[in-house]
There are 2 protein chains.
Amino acid sequence: MSSSERQLHLNAFVMSVGHHEAAWRLPESDPYADLDVEHFKNIARTAERGKLDSLFLADGPVLWDQVGRRPSGVLEPTLLLTALAGATERIGLIATASTTYNEPYNLARRFASLDIISGGRAGWNIVTTAGLDAARNFNLDELPAHKERYERAAEFVDVSLKLWDSWADDVVLADKESGIWGDDAKIYPAAHQGRFYKVAGALNVPRSAQGHPVLVQAGSSENGRDFAARYAEAVFTAHQTLADAQEFYDDLKRRAVEYGRDPNHIKILPGIVPIIGSSEEAAREREAELNRLIRPEFALPQLAGLLGVSPEELRLDAPLPDSLPEEEAIEGAKSRRTLVVNLGRRENLTVREIIARLGGGRGHLTFAGTPVQVADQIELWFTSGAADGFNIMPPVLPSGLTDFVDQVVPILQDRGLFRTEYTGRTLREHYGLPRPANRNVGSLQTAV
Amino acid sequence: MSSSERQLHLNAFVMSVGHHEAAWRLPESDPYADLDVEHFKNIARTAERGKLDSLFLADGPVLWDQVGRRPSGVLEPTLLLTALAGATERIGLIATASTTYNEPYNLARRFASLDIISGGRAGWNIVTTAGLDAARNFNLDELPAHKERYERAAEFVDVSLKLWDSWADDVVLADKESGIWGDDAKIYPAAHQGRFYKVAGALNVPRSAQGHPVLVQAGSSENGRDFAARYAEAVFTAHQTLADAQEFYDDLKRRAVEYGRDPNHIKILPGIVPIIGSSEEAAREREAELNRLIRPEFALPQLAGLLGVSPEELRLDAPLPDSLPEEEAIEGAKSRRTLVVNLGRRENLTVREIIARLGGGRGHLTFAGTPVQVADQIELWFTSGAADGFNIMPPVLPSGLTDFVDQVVPILQDRGLFRTEYTGRTLREHYGLPRPANRNVGSLQTAV
């Protein structure tokens, strides 16, 4: 057992009955679990038993895909995480929410409420929401351009930070004798007037145990990297190769420094879909079993949309067409498009094979192996300048998380790479991030 | 013990440490409880022990008043009720949310999520949100006019109903063998194009055990009554006299019938602030103690705002000015303004006395007496065509609710006016409302 100063951060990225799109077809899976709070409570308790930093829910304000394909109910994540807060004590709770389709006052307040209800365990995965279908649920006929979505996101976060700082930490006097509950001189209205938003007042929720929710980001385009470097305290990202992950890691840390930030205060967590078996062969057979259960006709239109082509231009048993729109021409999920194109070209895969490779992780690295092999892979990226930890995406739930917690986490703990007990109570403490000072008050307020 | 076919409906309207603005100053009160989920869980369990129909949280996207006055943190109610859903099994959970400052897709989805998480116990108190301060938190310089707020609210509810019906009840096939999870032919996109909203797609949350959340409304202006008659399944209202309550009750039932509705499917629940004592004298002393703890300088600006005058026009120890703006000139809470003016004129109260009378219930009836007297008052209104039940507003929490549940509820049960056990699981079942058919599918779907 070796020991290391630098510690891994592990986040459980949880979705329905697992990230593999065919997971629901396995005999073990409950096909109604996407709407069952007990299913998610069970998962949250398992992740907490594994001492993981956090639990993460993706989201979009739209019915994804066809309901034929897989379980399609998605409970709103700030609510679902509130339910999970009551079933857990320590683990961080990160919800995705869109800056394009929310109002800052409402969303900042919901995250502040989750942060207080959970005792300082909330995180916000800030997304700009790609896709015309979502835009059409919000009075729009067209998706706002990628660049404008990010400009709006930046102002949205600026407003949110003002609202989260609108109460000094010591507003409340609770002076029953004189009848003064709080000190109105320590309330700082947002007084924001910007290009996209005007928000005058103070929030009606005070600061939390961790100051404000941890800011998380997951876009890897040029606009996305710049945004992450400015604001993100944790970054979820997708890479198929160590070299790509290293490039991203170096680039993002460098950009954060250029913004005057401490590079240790932006944690980079690539996604990994671990398919765990008692032998390498058993793990590969499990992966093959899942891929055999995919119905590619459901995935084909989604792949075409990602690539910016019509479904008729793709043939299941042929490679990708030679000519595809460039990333610059895509207004949706830019970096994911490039990842998929590079994967198909590099390994000369057919469309059917690409769909199988995406079926598990939608672009995130799928890794099938024994618990030791999974731990080796995690350690390699962690010690090679590619990751501060991982976004663990179990292909099947709950079993894929239970296997990871019971079989991989103990190996990482034995190697001194991962905590054996929580040392803090807030998500910031788990991630090793300082409690932010209230910018209206100054550094005297900076507790840790 | 008599028995009655018609049963009372009782809702616990819960706010901080109680509805009386000075409740937090009592020795028994925890002045930090407004942000303590355990405080609210304790209250919710007490209400459920009393077999109450529902628990209700008011809300506004704004910091109310000065923080000097009283506890000012307000956790976002759909989140707080999600936390309470996990601490209870039967009681209905009603959250207030604004149609003026939300997007229909987001809000309909949050309520659908709460409804599923709670097993069909959700209700939505639909408000249009009066007040310039709220408007200025949402990009506006002026409060939208009263009439336009209600027109927007009507379309907002129409869109929400379309979204809640966008899944037939039998979408999910969960056919693992063929790999078909749901039947896409049973998904009905909202396809809404109206004056205020365009919402194209289907919700990503299916129908709940009760079809969709119960629609609640609390405005009593002309616009508010019309809106309630069209949409509301329960109405929270404020009256100081039996005659006013009877007029409102008759008027609203008649309007509902004119809209082709069954008048039994709109439950009218006036607010009551019960101040319970072992003797009438003890109850009156409790009321006086609470009123002595009010600091009127905090309440004066709020009263002036309600009346549409400047604070300088009011003098604490004088009656209301002879000349005040008419209800028609008010764009805020119209009916509450008229109630307060009538109260002051009818009883020739000074401004200080009006503030004391509003300090407990903000216009709702405050009733101090023994448990039998409180039960008598409830029975009188219930049997005199003034109420289908009551919105119970404890002046102090948790003690005011505990007293009501332990001392008043058993009397109402002995009289055969109130259930001794829950007979249903959903809020609709508690209120005696049918499960709505999916309007995309037709009456074949009408269960219950």
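Chain A is the first sequence line, chain B the second, and so forth, proteins listed ahead of strands; every chain is numbered from 1. Computed from a predicted model, the values in this text were never measured in an experiment.
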In terms of heavy-atom proximity below 4.5 Å to chain B, should [X] be classed as side chain, backbone, both, or neither?
X       : result
L84(A)  : neither
L35(A)  : both
A85(A)  : neither
D183(A) : backbone
L203(A) : backbone
P27(A)  : backbone
E177(A) : backbone
V37(A)  : side chain
V159(A) : neither
R70(A)  : backbone
F298(A) : side chain
D59(A)  : side chain

Residue pair [X] / [Y], side-chain heavy-atom distance below 4.5 Å:
X       : Y       : value
E103(B) : N137(A) : no
E76(A)  : T82(B)  : no
I187(A) : Q66(B)  : no
R109(B) : V74(A)  : yes
D141(B) : K198(A) : yes

Identify the heavy atoms of [X] and [Y] that sit nearest to each other, and give their distance.
X       : Y       : value
K176(B) : P31(A)  : CE-CD, 4.0 Å
N106(B) : F138(A) : OD1-CZ, 3.3 Å
L63(A)  : Y105(B) : N-OH, 3.5 Å
N204(A) : G60(B)  : ND2-O, 3.1 Å

How long is the span from the [atom1] atom in [X] to the [atom2] atom in [Y], to the nearest 0.5 Å?
X       : Y       : atom1 : atom2 : value
R69(A)  : I180(B) : CZ    : CD1   : 12.0 Å
I116(B) : D36(A)  : CD1   : CG    : 11.0 Å
D34(A)  : W181(B) : CG    : CH2   : 5.0 Å
L80(B)  : L114(A) : CG    : CG    : 12.0 Å
D175(A) : R25(B)  : CG    : CZ    : 8.0 Å

Taking every non-hydrogen pair under 4.5 Å, which of [options] racks up the most with chain A?
options                           : result
A200(B), S178(B), G179(B), P71(B) : P71(B)
S29(B), A134(B), A22(B)           : S29(B)
A87(B), G201(B), P61(B)           : P61(B)
V62(B), L79(B), V171(B), L75(B)   : L79(B)
A112(B), S72(B), G86(B), G73(B)   : S72(B)

*Side chain, backbone, both or neither: which part of I294(B) has a heavy atom under 4.5 Å from chain A?*
neither
When heavy-atom pairs shorter than 4.5 Å are enumerated against chain B, which of [options] gives the highest number?
options                   : value
D133(A), N139(A), V199(A) : N139(A)
G68(A), A174(A), S113(A)  : G68(A)
V205(A), V172(A), L173(A) : V172(A)
L293(A), D184(A), L26(A)  : D184(A)

Just wondering, more than 12 heavy atoms not from [X] lying within 6.0 Å of its [atom1]?
X       : atom1 : value
E297(A) : CD    : yes
E28(B)  : CD    : yes
E289(B) : CD    : yes

